[in-house]
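Throughout, residue positions are numbered sequentially from 1 according to the sequence presented. Just so it is clear, the model here is predicted, and its values are computed rather than measured.
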Amino acid sequence: MIRTILIVLLFVAVAGTGYWGYSEHQEKNAVLLQAENNYQRAFHDLNFHMDSLHDKIGETIAMNTRNQLSPALAQVWRLTSEAHNDVGQLPLALLPFNKTEEFLTKMGEFSYRAAVRDLDKNPLTDKEYNTLKELYANSTEIQNELRRTESLAQKNNLRWMDVEMALATNKQPEDNTIIDGFKTVDKSVEGYTDVDFGTEVSNMEKMKDRDLSQLKGKKISKDEAKKIAIDFFQLKKNVKITVESTGKEAKYDAYSLTLYNPETKGTTYMDLTKKGGYPLYVLYDRNVGKPKISLNEAMMQAEDFLKKHMESTMEMVTSDQYDNIGVFTYARLQDDVRIYPETVSVKVALDNGDIMGYEGTDFLLAHVDKRTPVFKISEKEARTNLNPNFQVKEISKALIRNDINEEVYCYEFLGTLGDDTFRVFINAENGNEEEVKKMKEAEPSYNDI
């Protein structure tokens, strides 16, 4: 009897294990099938959008009136965005496809800038038409190669999951049609790297390539970096400091320092530029208790910190509170002009006023010792370009970067429209409305603090 029961139990256990294994296998296959379907859909969408993009660029070349050209260029911009999104859904992260993605980005930026401007007053130039022709030729090559890849993939019943596995394991078979097809696409794009997209797109690219080569001073050693940190924080000798160089993949050439204080049991992280030893950022890692000081008192701590560590005159432009930390942003002030590209942020603990963080990268990247402000129109003339319902509370002069990353001098109007507060920047050369920024509800006016 006992033996019979044991046999039954064993049979049930084996059957249960088999069923569990079968269920797991079925679920795994379902997940893989779903992933494969998503990849197939994204690839077909990419081909469809590239076909549409090719046709639409061809149409723009044949157009001459703003009524038709502006919407067509807007469609080009939309389709490049869609194609870019499709690429992002494919398992190509490990495959060198950056040339094509960069080209799509530039193509989208070029078409957007042309679409939103007044083409009646400022029609496309011969150079821009030549750019469109080159884009059309390149899109033809991309279109043809993607079509060929799609056709072969369907003919040979190729799976995208095999592509993902090949890329992830770095074992790319020489006859993988999909991988080879995308490599060919990216290779063909290299022949169009010299396409003239105009100064607006070039300005966008320059912003990506900003570096710290303009900084003054000599290259410092690790020991000198330690000394700078000790002076910066006014540290005692028992603080443990480690210094490492940032890796080759780091955006900026710097030292990363870790400072551990055994007395407070707090750890501070700091990045210093190798050239000149300037702080890029500081982060103090500790739990912050309930607020015991006001935002105004915290602001005073931030300003004392900046006076100790910065030669430039800084003026607060925004203040926020996140949990138990006050965050203050300052712009450099020169000749009563706020230089917005040159900003720093300071975080202050509201329990005891400790400096919890400092971010100075933007300041270092944009800093120019002396600028020459240019204000061709008067404040009164600038006011005429404001919304008539906008109630002005404060007026300042400012230097900002516009949406194509050009530095422009502006009149800055702080005011209200209904229950909301805005900053409106009016170009001081031509009166154009360069930027409108809505202020957060909790963000006080300059005079409120």
Side-chain angles (χ1 to χ4, degrees), residues 45-88 100-143 146 189 192-208 377 382 384-388 390 400-408 410 422 424-427 429-438:
D45 286 349
L46 174 62
N47 277 275
F48 171 77
H49 289 131
M50 284 306 304
D51 285 347
S52 302
L53 179 61
H54 170 263
D55 292 344
K56 189 57 67 176
I57 295 174
E59 291 171 10
T60 62
I61 297 172
M63 294 176 181
N64 193 41
T65 61
R66 182 192 176 192
N67 289 341
Q68 293 293 325
L69 191 53
S70 288
L73 287 166
Q75 283 293 314
V76 171
W77 168 70
R78 182 186 66 80
L79 289 167
T80 57
S81 179
E82 294 282 0
H84 213 288
N85 182 57
D86 296 333
V87 172
T100 304
E101 291 186 277
E102 180 184 338
F103 196 83
L104 285 171
T105 299
K106 289 182 178 180
M107 189 189 300
E109 193 65 38
F110 170 81
S111 56
Y112 173 77
R113 296 295 167 195
V116 298
R117 82 185 193 214
D118 190 338
L119 293 175
D120 286 335
K121 294 181 180 179
N122 189 14
L124 291 182
T125 64
D126 290 341
K127 183 185 289 187
E128 287 172 322
Y129 270 111
N130 287 333
T131 297
L132 282 173
K133 290 176 182 177
E134 291 184 82
L135 293 179
Y136 184 66
N138 185 234
S139 66
T140 302
E141 290 192 29
I142 294 175
Q143 177 193 44
L146 287 175
V189 171
Y192 291 85
T193 53
D194 294 330
V195 172
D196 186 356
F197 286 95
T199 56
E200 294 182 343
V201 177
S202 296
N203 283 338
M204 301 293 288
E205 290 303 304
K206 287 177 183 176
M207 283 298 294
K208 297 176 186 176
I377 66 172
T384 62
N385 294 288
L386 294 170
N387 185 316
F390 183 72
I400 67 168
R401 281 201 182 95
N402 61 16
D403 62 349
I404 59 170
N405 285 309
E406 291 177 332
E407 291 190 349
V408 290
C410 297
F422 298 88
V424 180
F425 296 91
I426 302 296
N427 190 303
E429 183 176 355
N430 54 31
N432 289 342
E433 191 176 63
E434 288 289 348
E435 185 177 35
V436 177
K437 296 183 73 173
K438 184 178 180 295

> Does Asn385 reach the side chain of Glu433, with side-chain heavy atoms less than 4.5 Å apart?
Replying inline: no
> So, for Lys437 and Phe425, which heavy atoms are closest and what is the spacing to 0.1 Å?
Replying inline: CD-CE1, 4.2 Å
> What is the ring orientation for Tyr136 with His54, classed by angle as parallel under 30°, tilted 30 to 60°, or perpendicular over 60°?
Replying inline: parallel
> When rounded to the nearest 0.5 angstrom, what distance separates OG in Ser81 from CD in Glu109?
Replying inline: 11.5 Å
> Which distance, rounded to the nearest 0.5 Å, do you find between the CG of Leu69 and the CD of Glu59?
Replying inline: 11.0 Å
> How long is the span from the CG atom in Leu53 to the OG atom in Ser139, to the nearest 0.5 Å?
Replying inline: 6.0 Å
> Within the side chain of Thr131, is there an N or O that forms a donor-acceptor pair under 3.5 Å with the backbone of Lys127?
Replying inline: yes
>> Side chains of Asn427 and Glu434 only: does a donor on one sit below 3.5 Å from an acceptor on the other?
In response: yes
> About how many Å separate OG of Ser111 and CD1 of Ile57, when rounded to the nearest 0.5 Å?
Replying inline: 8.0 Å
> How about Val76 and Leu132: do any of their side-chain heavy atoms sit closer than 4.5 Å?
Replying inline: no
>> As an exercise, state the distance from CG of Leu135 to OG1 of Thr80, rounded to the nearest 0.5 Å.
In response: 10.0 Å
> Closest approach of Met50 and Ala83, non-hydrogen atoms and distance?
Replying inline: SD-CB, 4.1 Å
> What are the two closest heavy atoms between Asn432 and Asn430, and how far apart are they?
Replying inline: N-OD1, 2.9 Å
>> Main chain of Thr125, side chain of Glu128: is a donor-acceptor contact present, judged purely on distance under 3.5 Å?
In response: yes
>> Are more than 12 heavy atoms, taken from residues, nucleotides or ligands other than Asn122, located less than 6.0 Å from that residue's CG atom?
In response: yes
> If you measure from CD1 on Ile426 to CD1 on Ile377, what distance do you get to the nearest 0.5 Å?
Replying inline: 8.0 Å
> Are Asp51 and Gln143 close enough that a side-chain donor and a side-chain acceptor fall under 3.5 Å?
Replying inline: yes
> Shortest non-hydrogen contact from Ile61 to Tyr129?
Replying inline: O-CE2, 4.1 Å
> So, for Ala72 and Lys56, which heavy atoms are closest and what is the spacing to 0.1 Å?
Replying inline: O-CG, 3.6 Å
